[in-house]
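To find a chain, count down the sequence lines: A is the first, B the second, and so on, and within it residues start at 1.
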Amino acid sequence: MKTTLALIGTAFAELRAKRGAFIFEICVMVVNNLVWLAFWSIFFGKAGHVGGWQSHDVYTLLSVVCFVYGIANGLCPNASRVAQLALDGELDSALALPADTLTYLLFRKVSAFSVGDLVFGVTLFLITGHPTPARLLLFFTCTALGAIVLVSFLVILGAASIAAGAGHRQTRLGFDAMSTLAFYPISLFGLPMKVVLTFIIPAMFVTGIPANVIRHFSSTDFVALVIAAAFFASVARVSFRGALRKYRSGSRWTTA
Amino acid sequence: MRPYFDAFKASLKSAWAGRYDSVTVAFFCAVILIVFGELWAAAMPQIDGHRSTIAGYSYKAILWYLAATEAVVFAVPSRRIEDIGRDISEGSIEIEMLRPVSVLGFRLARELGDAMLRMLLCWLVGVIVVTPFAGPPPSALGTLLAVPVSVIAVMCDFLAVYAFAAVAFWLRDAKATWFLYQKLVFLPGGMLIPIQLLPHWLQAVSFVLPFWTMAFAAGHLMAGHIELKLIVGQLAWLVVLYGLAAFAFSQGQRKLVRAQ
């Protein structure tokens, strides 16, 4: 925990050094999210309610999506680059450090873009989510669990790419698929799509169930979310260790 | 014209050789269409076997609209502004300036070759996904007109992308601008939702800006709304955008020459 906090502190200090770019990138992400907010407002303005969802439900979903992606992409931007780091030989330097390799890789950088997501997500929830101390606690807990599932899913894809000796496209594909599907109310989808979103691309656990738990608390859903987060985190750690055993240095110098 | 045509042909060939990238893009296009198909089906529920319409768009029209807008927008790589910015800041453009052809023209020819295959695959996916949901397109003439309009839409998009990316001649880091540009195509461009569904003030703003030529024009025709003024407007914007991109690039190139 101490190592993780120290890494996050260093990463933020690095960002603060480029203050202008940091603020600009946060603003760009906020504008990006405002476009989604406008889209949903217009959509529900025309359609009324859709499959039991109203505009304020989608605002909750949007705040969850932004906060989950803010944590996962903002605090762990390397989660989607594990295979790329291996290909570029950047794992070598991390392996030599006296810290846990996965923890170091995940927390050594902060993405300013995604800090904008964090800011937007929490602000939107404070404005539209009827916040009370209990609901805020639920919001932070559920989004943290969703972020654990997302980061773990990306690490699993990266580890699988390293183990299979494949490129980094699988992780990119998984990330893009997740990003595409996480923005929509999952309960609107039919059964085949729901099965895909639970077992193949776990968007259900990343944003769908967290948003549902915050909208209408259900202990069953909450327990399922906790179990899913623990399961994905364990699989990610085990698969990363397995990938490291297969890793034979991607350094350009040694592969020349 | 020969070097540009050869560049177009070479890039089309190389896009075919690396067609799995285009297949991946088409796969995402399919996912988005399925998601939107379900979303609009929920928004326009069937009552006595009939679905309601929204702002003159039936369920069928809106799905074919989205098939067209997605195919056109997916044909242009979303992060191209970032790539061009990197080429400018890292000096690749300076090497291209040594060739006896226009940097912008040569690049556009290459981009179009690459984009045509992606657009074709996305169109194919659109037809496969939308037909079972909504049946054939609402108008044969609209479909016919949507084909050349889609090609012009991709050209307009690339020209605007190059005009935007030219900022990198003056600013070192133009990375973030692609994100803003993409959102301008999403909403005022009519990619996610037809412009007629936007609030009146935003409709007015959208039709003043050039982004409607990049998504809305093809979608509107595909949805069965035959308006020839759209094609005339699109061609006019094509000329304006070419002028803007060419001006920005020539000024940027001059700046590089002066800096030598």
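The backbone N or O of Val213(A) sits nowhere less than 3.5 Å from a side-chain atom of Asp221(A) that would complete a donor-acceptor pair. Although no hydrogens or angles enter the test, the distance criterion places no donor-acceptor pair under 3.5 Å between the side chain of Trp178(B) and the main chain of Phe164(B). A distance-only check finds a donor-acceptor pair linking the side chain of Thr207(A) to the backbone of Ala182(A) [under 3.5 Å].
Under the 6.0 Å cut-off for aromatic ring centres, Phe211(B) and Phe186(B) do not qualify, their centroids lying 6.0 Å or more apart. Checked against a 6.0 Å centroid threshold, the rings of Phe216(B) and Phe207(B) count as neighbours.
Ring-plane geometry between Phe36(B) and Phe39(A) is classed as perpendicular, the angle between the planes exceeding 60 degrees on a 0 to 90 degree scale with a lower cut at 30. Using a 30° and 60° split on the angle between ring planes, Tyr57(B) and His225(B) fall in the tilted class, from 30° to 60°.
The distance from the CG atom of Asp157(B) to the OG1 atom of Thr213(B) is 8.0 Å, given to the nearest 0.5 Å.
For the set Leu184(B), Ile32(B), Leu39(B), Thr24(B), the entry with the most heavy-atom pairs within less than 4.5 Å of chain A is Leu39(B). Between chain A and the residues Ile193(B), Leu198(B), Val35(B), the largest count of heavy-atom pairs under 4.5 Å involves Val35(B). Among the candidates Leu197(B), Val31(B), Leu187(B), the residue making the largest number of heavy-atom pairs closer than 4.5 Å to chain A is Leu197(B).
Contacts of residues 113-129 of chain B with chain A at a heavy-atom distance below 4.5 Å are absent; not one residue qualifies.
Proximity to chain B is limited to the side chain of Leu181(A), based on heavy atoms less than 4.5 angstrom apart. At a 4.5 Å heavy-atom cutoff, the contact between Ile54(B) and chain A is made by side-chain atoms alone. In this structure, the portion of Trp36(A) lying under 4.5 Å from any heavy atom of chain B is its side chain and not its backbone. For Val35(A), the parts sitting under 4.5 Å from any heavy atom of chain B are the backbone and the side chain alike.
Residue Ala165(B) comes nearest to Ile88(B) through the heavy atom pair O-CD1, 3.7 Å, listed as atom of the first residue, atom of the second, then distance.
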